[in-house]
Every structure is written in structure tokens, then in C-alpha cells.
Amino acid sequence: MRLPYGMNDLAPEIRVSEDRLKVRCYVRGCEHWLQVPKQHVRGDVCPAHQIRCHRSFAGITYSYANVRGNVIASPELLATRVVRHPFKFESHRLGNERSEDAVSWNVFRSWQEAGLLHLIGEKITGIASSIEPDLYLWGLHLNDDSLEPWQLLIKARERFENKLPIQRPLTEPDI
């Protein structure tokens, strides 16, 4: 299994063409130049590394052309069942280099797959238990991979978010 790119895989600095229209692939030693698109537009995909450059508020960054490249735990489940799930807001960002949701997935799903979520529960609560807790990411139930929305979250949204003065996405707790 290939892991997402880490600091040792990436070039130490971003190389931009003189006309600022292209950027060298972010992977150390890669010679491919990629078109830098306007903000909120997907750019070229590096044929060797399957990442694309794009503009963000933080500058020029990259994302994986396939979200599976950014995850280490259950990549098929994430790609086929979480991405575009109606209960998961902005799932298209899971492939971004700086996706905090991808970090949440990688950390907590890995602990769940290892059968060690109870250790995190023990650290948080101070209560020792060998029973694995239920895992909800973004309000989706992951214990049986059903990805059923958490009913308590739905009820809380109905109670507290039904008459908000402005239109906004519903609350989405990470974990």
C-alpha cells in the first residue's frame, strides 16, 4: 500500500515558472510542469504522481486526483461511500493536501481497524475499558460501515438549527 506523500517525498520548495502560469510537480525530483488554474478550478494532473496543483487561500497547493491517495485506512470505503454522501459536507476536500477531515479519517479509522479505539476513550475519560466505542465521523456511523447518520445529531440539528437567521451548512462534528 502506498502512503500519502510526506515531507520527505516533497520538493523543499515550490517551483513556479517565470510567467507564474505553471508549477513543477510537488514531488521531489519530478520534472513535470503543471498548469496553475484560477482559484476554485482544478489544474493539470501530474501523470507520474496523480496529484494536481491548484490555488487556495494559502497560495498554490496540491490535491490528489483520486481521494484514495490521501488516505491510509479503508480507502475504498471512503472513496465509494463517504465522498458525495449527502450527510458529509464538502467531501470533495478529502483529497486536499491540507484536509483536516482526511487526518480525522486516517487517525480514527486506523485506530478502529486496529481495535484500539478504547485506548483513546480511556485517555479522554480516564475510565479503563476494553469495549470498543462506536465511531462517528461527521455524524456517520462507522462501526458496521453502514454510514447511517447519527440520529442524535439529526435531532440536535432540528432543535437548534431550524430557525437560524442566516443560511449556512448544518453542524458537522468531526468525531
Side-chain angles (χ1 to χ4, degrees), residues 1-12 26-28 45-46 48-52 54 56-58 61-164 166-175:
M1 176 176 101
R2 190 198 63 72
L3 295 174
Y5 296 116
M7 294 303 295
N8 291 333
D9 301 313
L10 302 174
Y26 298 95
V27 176
R28 186 182 301 269
V45 175
C46 174
H49 300 103
Q50 298 304 300
I51 59 174
R52 63 170 45 98
H54 59 89
S56 74
F57 295 111
T61 185
Y62 72 88
S63 59
Y64 291 84
N66 184 326
V67 71
R68 291 169 184 86
N70 205 25
V71 295
I72 59 174
S74 304
E76 282 304 308
L77 179 66
L78 182 83
T80 61
R81 306 266 317 283
V82 175
V83 172
R84 288 183 290 285
H85 190 290
F87 209 71
K88 171 68 186 102
F89 183 66
E90 296 184 328
S91 66
H92 65 280
R93 293 186 179 187
L94 286 161
N96 289 359
E97 167 201 15
R98 298 179 183 139
S99 171
E100 65 185 57
D101 284 344
V103 172
S104 296
W105 177 270
N106 284 329
V107 170
F108 287 92
R109 182 63 181 194
S110 292
W111 280 79
Q112 182 186 44
E113 287 179 353
L116 298 172
L117 272 178
H118 67 277
L119 296 177
I120 294 175
E122 183 178 327
K123 292 291 183 192
I124 292 170
T125 65
I127 301 169
S129 175
S130 60
I131 299 170
E132 283 296 289
D134 284 348
L135 176 61
Y136 290 88
L137 291 177
W138 318 294
L140 298 173
H141 191 226
L142 286 171
N143 282 53
D144 56 4
D145 293 347
S146 69
L147 276 69
E148 288 296 318
W150 189 17
Q151 291 304 309
L152 288 175
L153 177 58
I154 291 171
K155 289 180 192 306
R157 285 173 170 174
E158 288 170 357
R159 180 173 179 187
F160 298 110
E161 299 182 10
N162 65 349
K163 295 179 184 170
L164 295 176
I166 58 170
Q167 185 72 15
R168 59 176 291 283
L170 296 173
T171 299
E172 183 183 83
D174 284 355
I175 304 155

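All figures in this text were calculated on a predicted structure; none of them were measured in a lab.
- A donor-acceptor pair under 3.5 Å is formed between the side chain of Ser91 and the backbone N or O of Arg84.
- Taking each heavy atom of Asn106 and Ile72 in turn, the nearest pair found is OD1-N, 2.7 Å.
- Taking CD of Gln112 as the reference point, atom CG of Leu137 lies at 8.0 Å (rounded to 0.5 Å).
- If you take CZ on Phe108 and OH on Tyr136, they are separated by 15.5 Å, rounding to the nearest 0.5 Å.
- Ala102 and Asn70 make their closest contact through CB-ND2, 3.5 Å (heavy atoms, listed as atom of the first residue, atom of the second, distance).
- Taking CG from Leu135 and CG from Leu140, the interatomic distance works out to 10.0 Å, rounded to the nearest 0.5 Å.
- Taking Tyr64 as the reference, Tyr5, Tyr62 meet the ring pair (Phe, Tyr, Trp, His ring centres under 6.0 Å) condition, with sequence neighbours excluded.
- A donor-acceptor pair is defined here as one N or O able to donate and one able to accept, closer than 3.5 Å; no such pair exists between the side chain of His49 and the backbone of Ile51.
- Summarising the geometry of Leu94 relative to Ser99, their closest heavy-atom pair is CA-OG, 3.7 Å, with the distance given to 0.1 Å.
- Pro149 and Ile154 get closest at one heavy-atom pair: CB-CD1, 3.8 Å.
- Interatomic distance, CG of Leu116 versus CH2 of Trp111, reported as 6.0 Å (0.5 Å rounding).
- Within the structure, salt bridge (charged side-chain N to carboxylate O under 4.0 Å, His left out) contacts touching residues 121-150 (residues at least two apart or in different chains) are Arg109-Asp145.
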For Val45 and Gln50, run side-chain contact (heavy atoms from CB on, under 4.5 Å): C-alpha distance rounded to whole Å, both residues' side-chain angles, the deciding distance at 0.1 Å, then the answer.
CA-CA 6 Å; Val45 175; Gln50 298 304 300; 3.8 Å; yes
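- Put simply, the side chain of Leu147 reaches to within 4.5 Å of the side chain of Val82, judged on heavy atoms.
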Pair Cys46-Tyr26, side-chain contact (heavy atoms from CB on, under 4.5 Å): steps then yes or no
CA-CA 9 Å; Cys46 174; Tyr26 298 95; over 6 Å; no
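- Of all heavy-atom pairs between Ile131 and His118, the closest is O-CB, 3.3 Å.
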Atom pairs and distances, side-chain donor-acceptor, residues 166-175, under 3.5 Å, sequence neighbours left out:
from: Thr171; atom 1: OG1; to: Glu161; atom 2: OE2; distance (Å): 2.0
from: Glu172; atom 1: OE1; to: Lys88; atom 2: NZ; distance (Å): 3.0
from: Glu172; atom 1: OE2; to: Phe89; atom 2: N; distance (Å): 2.6

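- In this structure, Ser63 OG and Glu97 CD are separated by 9.0 Å, a value rounded to the nearest 0.5 Å.
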